[in-house]
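Structure first, then comments.
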Amino acid sequence: MNENDVTEAAAVVSGAKPWYASRTIWGAGIAGASVLGGIAFGFQLDPETQRVVADQATAFVTAGAALAGTLLAIYGRFKAAKTVTLTKKGAA
């Protein structure tokens with residue numbers, strides 16, 4: 001188990017979620033992009049539209065991550081050369 005696996009496992013146990021699953025992060029990014037778009041191009045989003053876009057972006061990224069994880073697990077199982085065990089060889 002590498003350091004990333006340990007960190008992800010700790011996050012799951014603690015109830016934490018990855019940054020890309022946070023509506024707050026997406027909302028802040030979309031609000032910032034809306035401000036920059038307004039300054040640069042005269043384009044603006046009202047707060048309700050920002051909320052809807054943030055919710056949809058979160059759902060899209062979460063679904064994409066779940067699909068990628070599923071495909072990686074299937075690929076890994078086909079490429080695996082050894083079986084998976086819960087105990088070390090020779091341990092009782």
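Small disclaimer: the values here were computed from a predicted structure and weren't measured. Just so you know, these numbers use all the heavy atoms, side chains as well, and skip hydrogens, waters and symmetry mates.
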Pairs flagged by salt bridge (Lys or Arg N to Asp or Glu O under 4.0 Å) wherever [range] is involved - sequence neighbours left out:
| range | result |
| --- | --- |
| residues 59-80 | none |
| residues 26-41 | none |
| residues 28-47 | none |
| residues 49-73 | R23-D55, E48-R51, R51-D55 |

Q | Transitive ILVMFWY cluster of L71, excluding itself - 4.5 Å side-chain cut-off | A |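 Reading the cluster by chain and number, L71 sits alongside L67.
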
Q) How close do W26 and A57 get, heavy atom to heavy atom, and via which atoms? A) CE3-CB, 3.7 Å

Q: Check side chain to side chain contact (heavy atoms under 4.5 Å, CB included) between I25 and all other residues, then give those that pass, not counting sequence neighbours.
A: W19, S22

